[in-house]
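Computation of the quantities below employed the complete heavy-atom set of this structure, encompassing side-chain atoms and omitting hydrogens, waters and symmetry-equivalent molecules. Whatever order the structure lists ligands and atoms in, that order sets their numbers, starting from 1.
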Amino acid sequence: MTGKTYQAPRGTSDLLPPASERWARVEATTRTLFRLYGFQEIRTPIFEARELFDRGIGEMTDIVEKQMYVFQDRGGDWLALRPEGTASVLRAFVEHHLDQTMPPPYRYFYIGPMFRHERPQRGRYRQFHQIGVEALGESAPEVDAEVIALGWEFLRHVGARGIQVELNSIGCPTCRLPYQGALRAYWQAHADKLCPDCRRRMDRNPLRVLDCKNEACQAVLQGAPVIDDYWCNPCRTHFEAVRSALAALDVPYVRNARLVRGLDYYMRTAFEMTTEGLGAQNAVLGGGRYDGLLRALGGPDWPGIGFAIGMERLMDVLPETAEPVPALAVMFLPLTEAARGAALQGVQTVRRLGIPTWARMDVGSVKSGLRSAYRAGVRFVVIIGEDELRAGQWTLRDMSASRQETLSPKEAVEAIRRALGLDALET
Ligand code: HAM
C-alpha cells in the first residue's frame with residue numbers, strides 16, 4: 001500500500017538525532033548556568049489571549065501587525081501562538097501573584113518554541129526556539145550588566161566564537177518623546193531618499209527607521225539625530241553605570257547608538273549579540289529593560305529586564321563537538337526467541353550502570369545483527385544464542401577490535417565498564 005506523503009509546514013523543521021543531542025546539551029548548560037545567576041525555570045502555554053501580545057509587544061510592531069499566528073478557537077476566543085516569551089512570563093507573574101507568594105529574586109528562564117509568520121530564510125523561521133530570561137523587580141544598572149554578562153558567558157560557555165555585544169540606551173518615555181519628534185522632522189526632510197517601508201512608518205514609529213538595513217536608508221541614517229543629545233539625567237546616569245559595571249565584569253561591548261529593538265516595551269538599556277558565522281543582520285541574542293510593562297499588564301509597578309537567544313541561530317554557529325557521544329554503546333543480540341528474555345534482563349543491568357544500551361529483538365542471523373551494530377556505531381555486542389543461554393553466559397564482542405569472548409554476565413559487565421570508563425560517558 002502506498003500512501004500520500006507529508007512535509008513539515010514551511011518555516012518549521014524536525015529536530016533529528018544527532019542534532020537533538022546537541023540541543024539537549026545546550027539546554028542542560030542553560031539550566032546549570034542560569035541557576036547560578038538565581039534564575040528558575042518557568043513554562044507557560046504556547047498560546048495566549050491575542051490581546052496579551054497586542055498590548056504587551058505593541059500594536060505598531062511588525063510582530064503584532066504582520067507576524068502573529070492569530071486564530072479563533074471553537075469557543076470563539078481570539079488566541080495567538082506566542083511570538084515571544086516576555087509577555088507570557090509577565091502574565092503568569094501577575095496571574096499567580098508571584099510578588100506576594102514567592103521570596104525574591106524574581107528571576108525566571110524559559111526554553112521553548114515561538115511562532116512568527118516571517119518569510120523563511122536562513123536563521124528566520126516560523127517556528128523557532130528561544131532560551132530567555134526575565135528579571136523582575138530589579139532596577140539597579142548593575143543588574144543590566146549582570147544580565148548582559150549572563151548572555152555573554154552563556155554564549156562563550158557553549159562554544160560560540162567572535163561574540164559581539166552591541167549596547168544602547170533608548171531612553172525612557174520622557175526623553176524619548178522629544179527624540180522621536182527630532183527624528184520625525186529629520187525623516188520628513190529626507191523622505192524622498194527613504195525606502196517605502198520607512199516612509200510608511202517614519203511618523204508612527206520613527207525609531208524603527210534607525211534599524212532599516214536598506215542601503216539608501218543607511219546613507220540617510222548617518223546624519224540622523226542621536227539619542228545621546230536627548231537623554232534625561234536619570235537615563236544618562238543609568239547608562240553610564242551600566243557601562244562601568246560591564247567594564248568591571250570584563251564584558252567587552254560596542255556602543256551602537258542606532259540599535260533599537262523590534263518590540264515596543266523597551267526603555268533604557270537595549271542590547272543584541274552577534275557571533276561569527278551569522279549574517280550581520282542576524283542577532284543570536286536580543287534583549288533590554290522594560291520598566292513599565294509589568295504595570296501595563298496589570299501587575300505591580302516593578303521594573304524588568306531580560307533577553308532571549310534564538311536557538312536555531314545559535315546551533316547554526318556552534319562548532320560541531322569534536323567527539324559526539326555515541327547514542328548507543330552496547331547492543332544485545334538474542335539469536336533465538338528463547339534468548340530474548342535473557343537479553344531484556346541484560347540490557348536493564350547494563351543500563352542501570354548509565355550505559356546506553358539496546359537489544360535487537362527481531363531475531364536474525366549473527367551476520368545481520370553485527371551489521372546493524374556496526375551501523376549503530378556501538379562498541380560492544382552481547383550475543384546470546386542457544387549455547388550461551390544454556391550456560392548462563394554472554395558472548396561479548398568488542399566491535400573496535402573485532403574480538404570476542406564468552407564470559408559470565410558479571411565478567412562481561414566489568415569488561416564493558418572498564419573499556420568505556422563510566423566517567424567518560426557522563427558528558
Ligand atoms: P527578539 O529580538 O524578537 O526579542 O528575539 C530574540 C531572538 O530570537 C533573536 O535575536 C533571534 O535570535 C531569535 N529569533 C527571533 N525571531 C526569529 C525567527 N523568526 N527565526 C529564528 N530566530 C528568531 C524577543 O523575543 C524578546 N522577548 C527578548 C527579551 C526577553 N527581551 C526582554 N526579555
Side-chain angles (χ1 to χ4, degrees), residues 9-13 15 26 34 39 42 44 48 52-53 56-58 61-64 66-69 81-93 106-136 138 143-144 147-148 150-151 154-155 158 160 163-166 168 170 208 211 259-275 277-294 297 303-318:
R10 199 162 123 77
T12 72
S13 53
L15 179 60
V26 168
F34 287 24
F39 288 86
I42 188 166
T44 61
E48 298 268 1
L52 172 69
F53 301 117
I57 300 172
T61 57
D62 281 353
I63 297 179
V64 169
K66 306 187 213 159
Q67 299 172 348
M68 250 183 353
Y69 280 91
L81 297 185
R82 62 181 188 191
E84 59 112 41
T86 310
S88 307
V89 171
L90 271 55
R91 194 266 312 138
F93 183 84
Y106 303 96
R107 294 185 162 196
Y108 308 99
F109 74 87
Y110 47 91
I111 305 176
M114 308 290 163
F115 306 85
R116 297 183 193 176
H117 193 272
E118 301 209 63
R119 202 162 56 79
Q121 51 186 283
R122 183 177 165 207
R124 204 170 289 275
Y125 309 100
R126 291 182 174 171
Q127 172 174 309
F128 58 99
H129 296 74
Q130 283 186 345
I131 297 176
V133 300
E134 314 296 346
L136 305 179
E138 298 180 74
V143 174
D144 305 34
V147 167
I148 294 170
L150 167 59
F154 172 78
L155 292 177
V158 294
I163 308 160
Q164 172 129 332
V165 181
E166 295 194 13
N168 197 17
I170 56 170
R208 281 303 282 171
D211 197 34
L259 175 74
V260 289
R261 306 261 307 122
L263 303 93
D264 275 355
Y265 49 60
Y266 292 110
M267 55 91 71
R268 290 194 178 156
T269 313
F271 52 93
E272 288 188 350
M273 297 186 200
T274 54
T275 65
L278 273 181
Q281 305 184 9
N282 283 344
V284 69
L285 177 154
R289 187 166 270 291
Y290 48 79
D291 302 359
L293 179 59
L294 196 55
L297 296 178
I305 180 166
F307 64 71
I309 294 167
M311 272 199 87
E312 283 77 4
R313 292 188 193 177
L314 176 63
M315 299 314 287
D316 192 23
V317 298
L318 288 191

Contact between [X] and [Y] at the side-chain level, heavy atoms closer than 4.5 Å - yes or no?
| X | Y | value |
| --- | --- | --- |
| I63 | F53 | no |
| D62 | Q67 | yes |
| F128 | R313 | no |
| L263 | Y290 | no |
| I131 | F109 | no |

Short N/O distance, under 3.5 Å, between Y110 and ligand 1?
-> no
Shortest protein heavy-atom distance from [atom], along with the residue and atom involved:
| atom | value |
| --- | --- |
| atom 20 (N) of ligand 1 | Y125 N, 2.9 Å |
| atom 9 (C) of ligand 1 | A283 O, 3.9 Å |
| atom 19 (N) of ligand 1 | E118 OE2, 2.6 Å |
| atom 31 (N) of ligand 1 | Y266 OH, 2.6 Å |
| atom 7 (C) of ligand 1 | A308 O, 3.6 Å |
| atom 8 (O) of ligand 1 | Q130 NE2, 3.2 Å |
| atom 33 (N) of ligand 1 | E134 OE1, 2.8 Å |
| atom 21 (C) of ligand 1 | G123 O, 3.2 Å |

Compute the minimum heavy-atom distance from [X] to ligand 1 and say whether it is under 4.0 Å.
| X | value |
| --- | --- |
| G287 | yes |
| R313 | yes |
| G132 | no |

Atom of T274, atom of N282 and distance for their closest heavy-atom approach | CG2-O, 3.9 Å
Judged by atom type as modelled, is there a donor-acceptor pair below 3.5 Å linking the side chain of R82 to the main-chain atoms of E48?
-> no
For ligand 1, the portion of L314 having any non-hydrogen atom under 4.0 Å away | neither
Examine the proximity of ligand 1 to V284 and report which part, side chain or backbone, both or neither, has a heavy atom under 4.0 Å away.
-> backbone
Is it true that R261 and E272 have a side-chain N and a carboxylate O under 4.0 angstrom from each other?
-> yes
Using a strict cut-off of less than 4.0 Å between a Lys/Arg side-chain nitrogen and an Asp/Glu carboxylate oxygen, indicate whether R208 and D211 qualify as a salt bridge.
-> yes
Which ligand 1 atoms, with their elements, are less than 4.0 angstrom from a heavy-atom of L285?
-> 10 (O)
Establish, from distance only, whether the side-chain atoms of S13 and Y125 form a donor-acceptor pair under 3.5 Å.
-> no
Considering only heavy atoms, which of R261, R289, E84 lies nearest to atom 1 (P) of ligand 1?
-> R261
Between Y290, F128, F271, F115, which one has a non-hydrogen atom sitting closest to atom 14 (N) of ligand 1?
-> F128
Just do the salt bridge (charged side-chain N to carboxylate O under 4.0 Å, His left out) check on D144 and R268 with the steps written out, would you?
-> CA-CA 10 Å; D144 305 34; R268 290 194 178 156; over 6 Å; no
